[in-house]
Each structure stands twice: as C-alpha cells, then as structure tokens.
Amino acid sequence: TKLGGGAVSGGFPMLAHNPASRTLGCLLLVCPNGDLLVHQYDNHDGTFQWRSTDGGDSWTDEGLILDSRFISLDDYQVSGSDIYICVNYTNNSGEPWVNSLYKSTDNGTTWALVSTFETDGDESGLVIAPNGDFVIVMRDKSNLVTYQFRSTDGGLTWGAKTVRPDLYTLQRPRMVLDGAGGIILHGREYLGSDLQRNVLYYSNDNGVTWGRKFNPYVTVTGDGNYNGYIIKDNGDYYMISYSGSKIAAVIKQFIFSKF
C-alpha cells in the first residue's frame with residue numbers, strides 16, 4: 001500500500017526466480033531521482049533488483065546483483081546523488097558472514113564496493129550522522145552482542161569495532177535522523193529463542209551514546225517485532241511492526257510525535 005492508504009495498482013511479483021528457491025525478504029529503497037528499488041533475496045540465487053518509475057504501480061526486473069552470495073537486506077542511506085547499502089556475503093548457510101558497504105552513483109544501475117567493515121555477525125543498520133560520520137550498528141546473534149562501527153571518511157575506512165552492551169542483542173537495527181540533530185535507533189531486542197520485543201533508542205551526540213530506551217510494545221512474542229519506519233512531513237515518526245507467533249501474527253502501527 002501507499003502512505004496515504006491507496007493500493008499499488010500493479011502489485012509486486014514477490015516470486016522466487018528459481019523454483020528451488022524461497023523468497024526470504026526484501027529491502028525497499030528510494031533513489032535520489034525518485035525511482036523505487038526493491039532488493040529481493042532468494043535463498044538459492046542471491047539478490048535480484050526490481051525498479052519502479054511510477055511510484056510502485058509497475059516494476060521491471062533488473063536481474064541478479066553481483067553473485068549468489070550477495071544478500072542486500074540490511075539498510076541504506078542516500079547522500080546527495082549517492083546511495084549506500086549495507087550488505088553481507090556468505091559461502092554457506094550461516095556464519096561467518098562478510099559485511100560490506102556498497103555505493104551507487106547512478107540510482108542503482110550499478111553498485112561498487114566501498115569497503116568491508118566486518119567478517120562476523122550480520123543484520124546491520126546504517127546512518128549518516130548529523131556530523132557526517134557513517135555509523136553502523138550490527139548484531140552478532142551467535143555471541144549475543146551488538147557491535148558499532150564508525151567511519152569519518154565516507155565509509156572508506158572504519159575505526160575499531162566496539163561492543164555495545166547497552167544495546168544488548170539488537171536484531172535488524174535501523175537508524176534515522178529525527179530532523180533536530182538526533183538519531184533514532186530501533187530494532188528487535190533478542191531475549192532468547194523465539195523471545196523478542198520492539199525497542200527504540202535515541203542519541204543526540206552522533207551515536208556516541210544511546211539513551212531513552214523505550215519499548216513501544218512490551219509484550220514478548222514468539223515471532224515478529226522486525227519493523228520499518230517513516231517520518232512524515234509534520235515530524236511524526238511511524239513504525240510498522242508485527243507480533244505473534246510463526247503460525248499467526250498481527251500488524252501493529254506505532255506513532256510517536258516529536259520524539
């Protein structure tokens with residue numbers, strides 16, 4: 001659906017490209033020129049890119065991105081005419097992962113490696129902080145920790161990996177600027193096997209410290225609590241999530257004003 005509630009007329013063909021594959025997820029990107037991209041991951045072939053030039057009403061399959069190890073389901077940021085995405089590679093069905101930053105200067109037509117920032121963990125969130133630093137927050141579920149990385153040169157090089165015990169084990173972290181010099185960090189707090197809940201954090205110092213921890217939905221569920229977000233023109237912060245079990249789950253919407 002569109003933000004105003006209207007349906008996408010053409011829909012989106014979320015079908016695996018290979019009958020032996022499963023479609024495991026996707027990442028929706030808005031390009032500098034207004035095009036929409038969807039990165040769709042098939043567990044057999046890798047990530048395929050779809051493009052819409054009409055607000056999502058119709059889509060063109062642009063094929064496989066790089067190779068079958070390439071998983072683009074993490075996070076992205078737009079800076080001027082450039083798009084940056086966090087991706088991970090795997091040679092098998094699990095860890096160790098290779099986590100990298102890629103960049104496009106042509107609205108997603110081509111992608112080029114900027115740097116590799118970690119060879120462990122997966123599910124990373126990316127933000128370009130108000131001071132221009134690139135900040136990445138990433139989970140390592142195997143070791144039940146959350147890491148943070150910082151780059152002061154546009155993602156070319158990264159400082160030392162920092163373990164953030166204050167963030168516990170934060171799955172699928174996402175960050176967004178609040179328009180007032182702060183960063184909102186949200187994700188799924190992992191409390192154990194099939195025990196998760198939504199969580200928000202806030203930073204007013206470019207991600208050096210995270211505070212104001214808030215659980216918008218305190219109920220711990222057997223599945224769910226991965227979430228997406230949008231900030232409307234009036235500053236309201238909308239978060240969409242789901243909660244329940246692997247058999248039955250419900251969609252939840254949270255609205256925060258002047259976070």
Exercise for review: For R51 and T109, run side-chain contact (heavy atoms from CB on, under 4.5 Å): C-alpha distance rounded to whole Å, both residues' side-chain angles, the deciding distance at 0.1 Å, then the answer.
Suggested key: CA-CA 10 Å; R51 183 182 302 271; T109 300; 3.9 Å; yes
Review point. Atom OG1 of T110 and atom CD1 of I65: how far apart are they, to the nearest 0.5 Å?
Key: 11.0 Å
Practice item. Could you grab the distance from atom CD1 of I184 to atom CZ of R212, nearest 0.5 Å is fine? Key: 9.5 Å
Study note, to complete from the structure: Heavy-atom nearest pair, I240 first then I251, reads CG2-CG2, 4.0 Å
Check your understanding: Does a side-chain N-to-carboxylate-O contact under 4.0 Å join E123 and R188?
Key -> no
Exercise for review: Just jot down the ring-ring contact (aromatic ring centres under 6.0 Å, His included) partners of Y226, sequence neighbours excluded, or say none.
Suggested key: none
Check your understanding: Can you check whether W111 reaches Q49 side chain to side chain, under 4.5 Å on heavy atoms?
Key -> yes
Point to revise | Distance-only donor-acceptor check, side chains N198 and S241, under 3.5 Å | key: yes
Point to revise | Criterion ring-ring contact (aromatic ring centres under 6.0 Å, His included) on F117 and W158, from CA distance to verdict | key: CA-CA 7 Å; F117 56 89; W158 297 88; 5.7 Å; yes
Check your understanding: Does any non-hydrogen side-chain atom of S104 lie less than 4.5 Å from one of Y102?
Key -> no
Practice item. Could you tell me the separation between the CG atom of L29 and the CG atom of D75, rounded to the nearest 0.5 Å? Key: 9.0 Å
Practice item. Can you spot which of L170, V176, L200 makes a side-chain contact (heavy atoms from CB on, under 4.5 Å) with L185? Key: L170
Review point. Is a donor on one side and an acceptor on the other found under 3.5 Å between the side chain of N234 and the backbone of D236?
Key: yes
Review point. Between D166 and Y201, is any side-chain donor less than 3.5 angstrom from a side-chain acceptor?
Key: no
Exercise for review: First locate atom CD1 of I128, then atom CG of L177, and finally report the distance between them rounded to the nearest 0.5 Å.
Suggested key: 8.5 Å
Review point. When clusters are formed by joining ILVMFWY residues with side-chain heavy atoms under 4.5 Å apart, either directly or through shared neighbours, do I85 and L156 land in the same one?
Key: no
Revision key, fill the gap. Residues at least two apart in sequence or cross-chain that pass side chain to side chain donor-acceptor pair (under 3.5 Å) with T209, listed by chain then number, are D205
Exercise for review: Walk me through it: do Y41 and L27 pass the test side-chain contact (heavy atoms from CB on, under 4.5 Å)?
Suggested key: CA-CA 9 Å; Y41 176 62; L27 175 68; over 6 Å; no
Practice item. Evaluate the side-chain contact (heavy atoms from CB on, under 4.5 Å) criterion for residues D74 and N88: first the C-alpha distance (whole Å), next the side-chain angles of each, then the deciding distance (0.1 Å), finally the verdict. Key: CA-CA 8 Å; D74 287 337; N88 56 73; 3.2 Å; yes
Check your understanding: Is there a donor-acceptor pair closer than 3.5 Å between any side-chain N or O of T169 and the backbone N or O of K141?
Key -> no
Practice item. Say whether Y147 and D140, considering side chains only, have a donor N or O and an acceptor N or O under 3.5 Å apart. Key: yes
Exercise for review: Start with the C-alpha distance between N227 and H186, add both sets of side-chain angles, then the distance that settles side-chain contact (heavy atoms from CB on, under 4.5 Å), and finish with yes or no.
Suggested key: CA-CA 8 Å; N227 47 57; H186 66 90; 2.3 Å; yes
Check your understanding: To the nearest 0.5 Å, what is the distance between OG (S100) and CD (E118)?
Key -> 10.5 Å
